[in-house]
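A short worksheet on the structure shown next.
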Amino acid sequence: MRTQLLYSVFLVLVAITQTLGAQGERDWDDPTEALWRFDLTPAQVTAELQATNGRLVDIEVTETSPLKLAVATVANTGRFKQDSWWYVDLTAAAVQTYLTNNNARLIDIEVYEVGGQVRYAAVMVRNTTGAQWWWLNDQSLASIKSQASSLRARVMDIEEYTIGTRTTYDAVLIDNTGQHARTWWLYTDVDQTALPGLLNLHGARFTDLERTQAGKYHAILHQSTGERSWYYFGIDAFNIDRLLRRNGARIVDVDMTHSVLGTKLYHVVMMNRSNPLETAVGDVLRNNIATADFGFYFKQIGGAELATMEVDTVIEPASLLKTLHHVHAMQQVRLGKEKLDTVHYSFFDASEGCPTGKGAWVNESYRETLRKMMQESSNTRTRWVTDRFGIPALHQTAAALGMKNTAINHQIGCNSTPNTMTLRDVSALHESVANGYLGPVREQFYDIMLHEGGPADYPGWGTTPLSSSVVDVEAQRVGLSAGQLDAFRALLRFVYKPGGYFLVNGTFITVGGWFRIPRYENGVLTAREYTVGCFISGAETRATAEQVIGQVATELVRLEIRAAMTTMRNFTPGSVQPYGSGCLGSAGTPAYTAEGVAAISQSVRLQLQGAPATAPVLLVVGISDRAWGSLTLPLSLDPFGARGCVALCDHALPIGAVADSSGGLALAAPVPNDPRLFRATVYTQIWVVDPLANAGGFTTSNGIRVTIGG
């Protein structure tokens, strides 16, 4: 079997070095922008390169009259930046002239025939490395193999073509010694079915494939050093484009092989062009979603794009679009035109599928309407928001947020012209909100949305994956203490909105949201914010799509959470501890609680329940739980008529307030950014005016002991 496999093989094997030398276009898997364009005129190719700052790495003549080209490009920046030239309709002599004048070397040569004359399309780059290289024109296979051996060279590109009845070959060779050396193989006249075995045999990847007139292949292989690559046979130009996007890849080699019923078919070799995070997240999707299209976006607010795939692809956002409705509705609150607690009266029909805006009267608050729209994904509430403000106003808000491809074309849930959005639009919305678009109602905007540890909706993205799969695992990896992890969890936040259509021809699912990830830097707890989004279009099953989209969230944020946790290892946690007990009043025993991160520059949220409605209260902050002046603590207040009540701390700082109509109180207690407060302890208690409670007319709560960390 092996003898048959190696039939008609030319093999050259040299030592591997780490320097790739002059073979960059076919070896580098650095992240880069890349394009595939087909059936373009030469003038259109020129315009495309100018518009994208690209350069050609592969050229294919797909028609000769008129001349049409298929081309692959990379961005002419970074490691890929080179002086380059490309030409069509050249004679062999003209190719050589351009090579000499440009001090260039060929990276791709395409041979075609016009009016019985051989013509060349060529791509060349300046030979800045000074590598020796050779262009062998009109040669036999035996001659190419022989010269490669004698020159200690390897074949980069091989072309088979026919002059009259004679089959002949062109090849581009390059020095395969020193810094330019690679382990490589050239196989000729191999059946397509045998090609995968060659890759497995050598642990290699293809760098060039040439289909013979007999339907077999000449194949150039390079030993893989970890590069990710793909190859496909007999696919049309549109599927090449789709696979490039799905794989996050660029073209290494492409050739039009034949046509079927007027459709041009190609073989293509692709190489990964994604960064490590994009590659890892892409693998989650590719390994679990067999046929669907997908994309994702992860960006630091005010910073870099960390992972992108199909961020500008226009999608049907389904209920993700409701985030725009929510922003617009909350902007009316910011402007004073609406109030969250105002009860409104409206029709909500029973149909969540395609609401008509008619039905039974329902009375509910503005806040509750938005909550049901965002957390329960109510289409009837979305219809109410749409009717209240109008689609033109929603479009104006989208424009103000920088959502360039967002359009509301139908009421959500109704079958009509698709609504549109991109992942970049979702990011623009959340970045605008994070940067102050909603002003002081920003946190209320987030509170109304689905959030980490909050109500579950479809899919359950963020309700468990972050807490179990990322935070716990990474905290153990980094080595955080329980207190450090508690502080991290308290400041970590993720809010999101999912959407989806579940149809007989596949599942279409989208998610977009906002992250806050805490860090401890320069002695202060800070946070970085991020936008995140993903779509899957045409998945085989709903269950798979929902599971995978949760995994995408996990992998997108994992490295940022790990890096942030690493900074937390230097953080000394503070503590918030209740002590003592309160005394019975006319509305019950006042219950005093606190939550948040007791640390420099952070804030502790103080809450009271069980006071009489609208009762005056006094929050006291002290520096001791043992003495109040000359008095010893705790101090019984029985002598003052408040039987059973106890003073638990001194009154260094008294703060007056009033309970709300339900007898509750919530106060934010910010900790100043003052390093002298580190490890300081303060004691707090709440005194409540309650004339019906006892002869003294007041009650006291339990105490809260706060130790400041940092």
Side-chain angles (χ1 to χ4, degrees), residues 25-26 29 33-40 44-45 48 56-64 68-74 108 110 112 121 157-160 187 190-200 204-221 227-274 279 282-283 285-295 309-310 313 505-506 536-540:
E25 289 78 10
R26 303 197 185 213
D29 59 357
E33 295 298 317
L35 295 175
W36 154 248
R37 295 290 185 263
F38 53 91
D39 288 340
L40 300 185
Q44 289 171 323
V45 172
E48 189 77 39
L56 293 189
V57 294
D58 195 287
I59 190 167
E60 180 73 7
V61 175
T62 59
E63 296 181 26
T64 58
K68 293 290 184 69
L69 306 172
V71 296
T73 77
V74 293
D108 189 47
E110 171 76 5
Y112 60 102
D157 184 35
I158 191 166
E159 294 288 319
E160 178 180 302
Y187 287 85
V190 179
D191 288 334
Q192 179 180 316
T193 55
L195 290 172
L198 299 180
L199 298 182
N200 293 333
R205 59 184 176 82
F206 293 123
T207 58
D208 187 73
L209 289 170
E210 177 71 9
R211 191 171 189 263
T212 73
Q213 295 185 30
K216 295 188 176 184
Y217 279 87
H218 309 314
I220 301 173
L221 290 71
E227 305 92 346
R228 187 74 60 87
S229 65
W230 300 263
Y231 62 95
Y232 304 93
F233 300 101
I235 60 174
D236 63 29
F238 294 99
N239 271 305
I240 290 176
D241 184 63
R242 178 175 176 271
L243 288 165
L244 285 167
R245 291 184 281 111
R246 180 182 170 88
N247 294 334
R250 65 177 180 86
I251 288 177
V252 171
D253 177 61
V254 62
D255 282 297
M256 191 185 85
T257 56
H258 60 294
S259 296
V260 175
L261 300 177
T263 298
K264 302 180 181 76
L265 299 180
Y266 301 80
H267 71 245
V268 60
V269 178
M270 303 176 182
M271 175 173 282
N272 187 38
R273 66 173 184 85
S274 304
T279 301
D283 282 346
L285 289 155
R286 287 185 288 268
N287 293 340
N288 293 280
I289 303 294
T291 60
D293 293 325
F294 46 73
M309 178 179 281
E310 296 299 285
T313 295
N505 63 336
I536 299 174
S537 178
E540 293 84 349

Using atom types as modelled and distance alone, determine if a side-chain donor or acceptor of D255 lies under 3.5 Å from a backbone N or O of T257. no

Between the side chain of R246 and the main-chain N/O of G282, is any donor-acceptor distance below 3.5 Å? no

Below 4.5 Å, heavy atoms only, C-beta onward: do [X] and [Y] meet side chain to side chain?
{"X": "W36", "Y": "V254", "value": "yes"}
{"X": "E310", "Y": "F294", "value": "no"}
{"X": "D108", "Y": "L56", "value": "no"}
{"X": "E210", "Y": "E159", "value": "yes"}
{"X": "V190", "Y": "L195", "value": "yes"}
{"X": "V252", "Y": "R205", "value": "no"}
{"X": "L244", "Y": "M270", "value": "yes"}
{"X": "D191", "Y": "K216", "value": "yes"}

Is the shortest side-chain N to carboxylate O distance from D293 to R242 below 4.0 Å? yes

What do the steps show when you test R26 against D208 for salt bridge (Lys or Arg N to Asp or Glu O under 4.0 Å), and what is the final call? CA-CA 9 Å; R26 303 197 185 213; D208 187 73; 3.2 Å; yes

Considering all heavy atoms, the nearest [X]-[Y] contact:
{"X": "I289", "Y": "A539", "answer": "CD1-CB, 4.2 Å"}
{"X": "R37", "Y": "E48", "answer": "NE-OE2, 3.4 Å"}
{"X": "D39", "Y": "K264", "answer": "OD1-NZ, 3.4 Å"}
{"X": "L221", "Y": "L199", "answer": "CD2-CD2, 3.8 Å"}
{"X": "I158", "Y": "H218", "answer": "CG2-CB, 4.3 Å"}
{"X": "G234", "Y": "L265", "answer": "O-CD2, 4.0 Å"}

Is it the case that the ring center of Y232 lies less than 6.0 angstrom away from the ring center of Y266? no

CD of E540 to CG of N288, rounded to nearest 0.5 Å, is 10.0 Å

Identify the residue among F233, Y231, Y217, W230 that makes a ring pair (Phe, Tyr, Trp, His ring centres under 6.0 Å) with F206. Y231

